[in-house]
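One structure is given here, and the rest of the page talks about it.
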Amino acid sequence: MSDKDKSVERSAANVWALKIIGVLAIVVLLVIAFFVGRATAPGANNPAASPSEPATTSGTAAGDGQKAVADFVAQTGLVPGQDFASSVTNEGGLEAMKILRDGADEPGRTLGKPDAPVTLTVLSDFSCPMCTSWGNDTLPKLQKYVDDGTLKIQWHNMVIFADQYRSDVAAQASIAAMKQGKLWDFVRAAYGTSPEGEHPTYDENKVIQIAQSVGITDLGRFKSDMNAPETQATVSEETDSGHSVGVNGTPFFVLGDSTISGAYPIEYFEHSIEYQKFLATK
């Protein structure tokens with residue numbers, strides 16, 4: 001064999017060797033990525049952070065829940081998770097939801113009849129653009145469920161943008177408005193004056209203007225309540241409560257035994273409410 005032929009043969013062998021090494025390297029990377037993904041999957045070590053993940057419940061309860069979902073799907077043709085919020089099944093998630101729901105269970109925070117079969121707990125920030133979108137687009141369309149006695153809505157301040165846009169000022173103002181029976185009027189007006197897609201900034205003058213616009217006449221009391229240490233503590237406790245169960249963004253909703261994270265279209269909320277109403281009759 002000539003030197004030239006030997007050189008060609010060695011080059012070909014080197015090419016194949018490099019190809020084999022490359023394939024092996026890709027396989028190793030894929031294996032590593034698989035195990036890293038399992039270790040770092042959202043909620044893998046914190047069930048309260050992702051309460052919609054299935055987990056262990058009693059066999060009877062799980063069976064009943066699956067049958068209820070199947071019955072609802074058979075009647076409506078809707079797809080769980082795609083068309084409506086699925087039920088939470090893990091114990092940590094259910095307990096987290098109960099903490100949020102119970103924390104907002106007081107008349108001044110509640111819109112609707114106390115005995116409504118479906119409860120929607122709203123965790124929201126006044127400077128959050130998606131919260132503004134939900135407040136202006138979706139909230140008014142849920143009023144029909146409030147009016148017919150199906151739904152009650154609870155308010156829970158979840159302050160995210162205190163440092164940047166002083167949303168804590170608006171949250172404290174909402175508590176002051178609540179003490180004069182005007183919390184939900186204040187919420188609607190605050191979102192109604194917020195530019196779509198922007199982060200509104202709040203100060204005392206702005207929230208007083210909002211208070212006046214919704215008919216709060218005792219502005220002296222409003223300012224005193226808004227700036228009271230106990231009001232600041234209440235807002236901090238609400239926000240800490242949300243963080244403690246894994247909620248780190250707004251808007252976030254607890255709807256019956258399900259959760260919704262984000263400003264989903266109105267149809268998703270409507271279907272989810274109908275599903276929860278269906279469960280309440282079982």
Quiz item: Quick one: are L120 and F253 in side-chain contact, heavy atoms under 4.5 Å?
Solution: yes

Quiz prompt | Side chains of V73 and P80 in contact at under 4.5 Å (non-hydrogen atoms) | solution = yes

Quiz prompt | Hydrophobic cluster membership, M158 vs V122, 4.5 Å side-chain cutoff | solution = no

Quiz item: Between P129 and H199, is any pair of side-chain heavy atoms under 4.5 Å apart?
Solution: yes

Quiz item: What pairs meet the side-chain hydrogen bond (donor to acceptor under 3.5 Å, both in side chains) rule with one or both residues in residues 70-83, with sequence neighbours excluded?
Solution: K67-D71

Quiz item: How would you list, by chain and number, every residue that makes a salt bridge (charged side-chain N to carboxylate O under 4.0 Å, His left out) with E106, sequence neighbours excluded?
Solution: R109

Quiz item: What's the shortest heavy-atom distance between V88 and S258, and which atoms?
Solution: CG2-CA, 4.1 Å

Quiz item: Do E204 and N227 have side-chain atoms, one donor and one acceptor, less than 3.5 Å apart?
Solution: yes

Name every donor-acceptor pair, under 3.5 Å, that has one atom in a side chain of residues 172-179 and the other anywhere in the protein, sequence neighbours excluded.
{"from": "Q172", "atom 1": "NE2", "to": "M226", "atom 2": "O", "distance (Å)": "3.0"}
{"from": "S174", "atom 1": "OG", "to": "N157", "atom 2": "ND2", "distance (Å)": "3.2"}
{"from": "S174", "atom 1": "OG", "to": "A171", "atom 2": "O", "distance (Å)": "2.5"}

Quiz item: Is H156 reaching over with its side chain to a backbone N or O of E238, donor-acceptor style, under 3.5 angstrom?
Solution: yes

Quiz item: Within the distance-only criterion (no hydrogens, no angle test), does the side chain of Q180 pair as donor or acceptor with the backbone N or O of D218 below 3.5 angstrom?
Solution: yes

Quiz item: For E237, does its backbone N or O pair with a side-chain atom of S241 as donor and acceptor, under 3.5 Å?
Solution: no

Self-check item: Smallest separation among heavy atoms of V245 and A96, with atom names
Solution: CB-CB, 3.6 Å

Quiz prompt | Partners passing side-chain contact (heavy atoms from CB on, under 4.5 Å) against T138 (at least two apart in sequence or in another chain) | solution = W134, L142, I266, F269

Practice problem: Using only heavy-atom distances, determine whether the side chains of D257 and Q276 contain a donor-acceptor pair under 3.5 Å. | Solution: yes

Quiz prompt | Which atom of A170 lies closest to which atom of V207, heavy atoms considered | solution = CA-CG1, 4.0 Å

Quiz item: Quick one: does P200's side chain get under 4.5 Å of Y165's, heavy atoms only?
Solution: no

Quiz item: Which residue pairs pass the ring-ring contact (aromatic ring centres under 6.0 Å, His included) test when at least one of the two sits in residues 73-130, sequence neighbours left out?
Solution: F72-F84, F84-Y275, F126-W155, F126-F186, F126-Y191

Quiz item: Of the non-hydrogen atoms in V146 and I153, which two are nearest, and what is the gap between them?
Solution: CG2-CD1, 3.9 Å

Exercise. Could you tell me whether the side chain of S224 and the main chain of R221 form a donor-acceptor pair under 3.5 Å?
Key: no

Quiz item: Is a side-chain N or O of T259 found less than 3.5 angstrom from the main chain of L255, in a donor-acceptor match?
Solution: no

Self-check item: Verify same cluster id: M130, V247 (apolar side-chain graph, 4.5 Å)
Solution: no

Quiz item: So, are K223 and D225 salt-bridged, with charged N and O less than 4.0 Å apart?
Solution: no

Self-check item: salt bridge (charged side-chain N to carboxylate O under 4.0 Å, His left out) contacts touching residues 130-154 (sequence neighbours left out)
Solution: K144-E270

Self-check item: Exam field: side chain S167 to backbone V159, donor-acceptor pair closer than 3.5 Å
Solution: no

Quiz item: So, R188 side chain and V214 main chain: donor-acceptor pair closer than 3.5 Å or not?
Solution: no

